[in-house]
Amino acid sequence: MIKTKEDYIKSLKEMGGLVYYKGELIRDITTHPAFIPHINAAAKTYELALMPEHEDLLTVTSHLTGKKVNRFTHIHHSVDDLIRKVQMLRLLAHETGSCFQRCVGFDALNAVYMTTYDIDAKHGTKYHQRFIEYLKHIQSENFMLVGGMTDPKGDRSLAPSKQHDPDLFTHVVEKSDKGIVIRGAKAHQTGGANSHEIMAMPTQTMREGDEDYALVCAVPLNAKGVLQIFGRQTNDGRKIERSMDIGNPNYGLVGGETLIVFDNVFVPWERVFMCGETDFSGSLVERFATFHRQNYGGCKGGVSDVLVGASALAAEYQGTAKASHVRDKLAEMIHLTETIWSGSVACSARGTKTASGAFLPDMLLANCSKLNVTRNIYEIGRLAHDIAGGIIATMPSEADLKSPEVGKYVKKYIAGVAGVPTESRMKILRLIENMTGGTALVESMHGAGSPQAMKVMYSRLGKLDMKVKMAKKVAGIED
Amino acid sequence: MKRVALKFCGGCDPEYDRIAYCEKLHITAGDRIEWARPDDNGCHAALLICGCPRACPENDLASTYPRCIISITDDEEDSEEVIKKLMTIAT
C-alpha cells in the first residue's frame with residue numbers, strides 16, 4: 001500500500017509505462033525535471049494524509065471496509081463528505097499553489113459508483129458489485145487514478161460512429177469471454193504521467209449506433225498498448241533549467257497533461273463497468289462533470305489565496321502596499337476568490353442522496369461555480385498583473401542575477417524597498433508570472449469543461465419555465 | 001499526569017497558525033500532560049485545535065469524549081489558562 005511520498009515515487013518507478021516528452025521516451029519520469037514538480041504536487045495528497053494537522057480532511061473511513069482510507073479514494077456518503085472534499089482541495093492548493101491532479105480520478109470513482117448502481121437496477125447487469133471490488137482494490141493500494149473523459153472528438157459535428165476515423169472516440173473493437181479490446185485516446189489527461197490507472201468514460205451522451213463508444217473501464221497505465229504523450233506548457237523549458245525562473249519550483253504549473261493512447265488494449269471483464277448501455281452515458285457524463293465542477297472553487301480558490309498573498313508581498317517589496325488603489329485591488333481579488341469558494345460550498349451543501357446511497361452535489365450550482373471560475377480567475381490574474389507591474393514580463397533571469405559580470409546590476413536595479421533582498425522580490429514576481437500566464441489561465445477556462453458546457457446545463461436545469469410563471473404572477477398576467 | 005488526546009481540524013483555511021499555538025501549549029503543559037492521538041485509548045480529556053470557529057470535527061470527537069473536550073478556535077487564549085482547564089475537566 002502506498003502511504004508516503006517515497007512509496008508513491010517508488011510505485012511510479014516500478015510501474016514503468018510508456019511516457020513520451022518532446023519526441024523522446026522518458027525512461028524514469030520520477031527523475032526527469034519536466035515531471036518532478038507535478039509528482040511533488042500529487043505526492044502532497046499522500047503526505048498530508050499522514051500529518052495530524054491535516055488528516056481530518058485527507059482521510060476518512062471507507063464505507064466498504066470500515067478502514068481508514070485516503071479521501072481521494074472515498075465515495076461521498078453525506079453533505080459533510082462533499083463539503084470536506086472542497087475544503088481538502090483548498091488546503092492542498094495552499095500547499096502547492098498548483099494543481100495536485102488527484103481529484104479527477106476521485107470524481108470518476110464517485111460518478112461510476114452511482115451510475116453502475118443505476119445501470120444494474122434497469123438492465124440487471126452486475127457492474128456495481130464488480131466496481132465495488134475494484135474500488136476496494138484502489139482503496140487498499142491507495143492508487144492515484146486519472147478520470148479519462150475527454151476524447152479527441154475529431155469533427156465535433158459528427159457522432160462517434162460517423163467520424164472519418166473511428167478511433168477519434170475511444171471504443172470497443174473486440175469482445176470475448178475474457179474481456180474486451182479497446183482503441184482510441186483520451187486527451188488533456190491531468191496527472192496522467194504520474195497516475196497508476198485510468199478510468200475511461202464516455203466523453204458525451206451516446207446514441208443508438210454508438211454502443212461501442214458507451215464504455216467505462218479501468219486500465220493500468222502500464223498495460224500493453226497504452227502510451228502517453230506529455231503536453232507542453234508555458235515556459236516549460238524553465239523546468240529543465242531547474243531555476244527560480246519557473247516561479248513555483250517545487251510544484252510547477254497546473255497539472256501536467258498527457259494524451260493517453262489505447263492501441264488495442266485488452267481489458268478483462270472485471271474492469272469493465274459499462275459496455276454498450278448508451279442510455280446511461282449521459283447521466284454518467286453529467287455526474288462526473290458535476291463532481292469536477294464542484295471542485296474548482298476549492299482548488300482555484302486555494303490557488304487564488306496564494307496569488308493574493310503573492311500580490312500583497314510584491315506590493316510590499318516595491319513600496320506600493322499602502323497605496324489605496326493597491327489595497328482596493330487586493331480586496332477585489334479576495335472578493336472574487338471567496339465568490340468562487342462560496343459556489344463550491346453551496347453546491348456541496350445542497351447535495352443530494354442518489355439511489356446508490358452516494359451523494360451528488362447540486363448540479364446547477366456546481367456548474368455555476370465552475371463558470372464563475374472561468375471568469376474570476378482571469379480577473380484575479382489581471383489584478384495581480386496590475387499590482388505587480390510590467391516587470392513580470394521583462395525581468396532578467398536567475399542566471400543574470402547570479403552572473404559574475406552583470407549580477408551586481410540586477411541586484412542594484414531590480415531591488416525594491418531597502419532591506420528586501422532582490423532575489424526575494426524576483427521570486428515572488430516569478431511566482432505571479434507562473435500563476436497568471438498562458439497554461440494556468442487556460443486550465444481554469446477549459447478544465448472540467450468549457451464555459452458553453454455549463455451554459456447548456458443552465459438551459460436544462462435553470463427552470464426557465466418556472467421563472468416565466470413567476471414573472472407572470474407578479475405582473476398580474478393571466479393566460 | 002493527565003493523558004490528553006490531541007486532535008486538529010483539517011486546516012482548510014485556518015485563521016491562525018495552529019501548529020505554532022499547539023507548540024506553545026506543549027511547552028506550557030510541560031510534564032503535566034501526556035499527549036496522545038485521538039484514537040488512543042485511556043485519555044482523560046481531548047483538546048481540539050481548529051483553524052476557525054466552525055470547529056468542524058467537534059461533533060465527531062464529542063461521542064468519544066463527552067463533556068471533556070476543549071476546542072481552540074483562535075490563538076488569543078492564554079496557554080496556561082487552556083492547560084488549567086484541561087487539567088480541571090480531565091476525568
Side-chain angles (χ1 to χ4, degrees), chain A residues 44-45 47-61 66-68 70-72 74 77-97 100 103 295 297-306 308-309 334 337-338 340-342 344-345 348-349, chain B residues 3-29 33-43 45-65 69-75 77 79 82 86:
Chain A
K44 276 284 169 194
T45 68
E47 290 179 272
L48 267 57
L50 299 174
M51 297 169 73
E53 63 268 38
H54 298 305
E55 66 178 349
D56 194 62
L57 286 178
L58 270 289
T59 63
V60 64
T61 301
K67 291 181 180 167
K68 187 172 166 179
N70 191 295
R71 189 177 294 278
F72 280 98
H74 179 56
H77 272 79
S78 64
V79 160
D80 191 53
D81 273 348
L82 293 173
I83 292 175
R84 287 190 188 215
K85 175 198 185 190
V86 293
Q87 288 180 304
M88 172 179 73
L89 303 184
R90 191 168 185 176
L91 160 67
L92 279 157
H94 289 167
E95 294 287 320
T96 60
F100 32 88
C103 61
N295 298 344
C299 62
K300 300 303 175 199
V303 165
S304 297
D305 288 328
V306 176
V308 172
I334 291 168
T337 301
E338 298 301 337
I340 59 174
W341 167 245
S342 60
S344 286
V345 173
S348 305
Chain B
R3 187 170 159 85
V4 174
L6 174 63
K7 183 173 170 68
F8 292 89
C9 76
C12 68
D13 195 20
E15 294 173 2
Y16 67 100
D17 186 338
R18 297 171 304 147
I19 305 303
Y21 188 69
C22 182
E23 281 168 4
K24 200 168 148 188
L25 289 175
H26 275 67
I27 291 166
T28 305
I33 289 176
E34 179 194 357
W35 301 99
R37 282 187 50 84
D39 45 5
D40 286 350
N41 294 325
C43 291
L47 176 67
L48 176 60
I49 300 187
C50 299
C52 72
R54 278 170 290 278
C56 292
E58 204 167 51
N59 286 342
D60 297 347
L61 209 56
S63 55
T64 318
Y65 294 96
I69 302 175
I70 289 186
S71 294
I72 302 293
T73 58
D74 61 50
D75 57 358
E77 192 165 1
S79 56
V82 175
L86 270 175

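From a predicted model like this one, the values you see are computed outputs, not experimental measurements. Chain letters run A, B, ... following the sequence lines, proteins first, then strands; residues in each count from 1.
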Audit row: A/N295, A/K300, side chain to side chain donor-acceptor pair (under 3.5 Å) steps and yes/no:
CA-CA 8 Å; A/N295 298 344; A/K300 300 303 175 199; over 6 Å; no
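Proximity to chain A (any heavy atom under 4.5 Å) is shown, for B/C22, by neither the backbone nor the side chain. Heavy atoms closer than 4.5 Å to chain B are found in both the backbone and the side chain of A/H54. Using a 4.5 Å cut-off between heavy atoms, A/D305 contacts chain B through its side chain alone, with no backbone atom that close. Of the two parts of A/E55, only the side chain, counted from C-beta on, holds a non-hydrogen atom closer than 4.5 Å to a non-hydrogen atom of chain B.
In plain terms, the two heavy atoms of A/L58 and A/A49 that are nearest each other are CB-CA, 3.5 Å. When every heavy atom of A/G297 is checked against every heavy atom of A/S344, the shortest pair comes out as N-OG, 2.9 Å. Closest non-hydrogen pair, A/A93 versus A/C299, comes out as CB-O, 3.2 Å.
Interface summary for chain B: among A/H94, A/E53, A/Q87, the most heavy-atom pairs under 4.5 angstrom belong to A/E53. Of the residues considered (A/L92, A/L91, A/I83, A/D56), A/D56 shows the highest number of contacts with chain B, using heavy-atom pairs under 4.5 Å.
No more than 12 heavy atoms of other residues, nucleotides or ligands lie within 6.0 Å of CG in B/N41, so this atom counts as exposed by the packing criterion.
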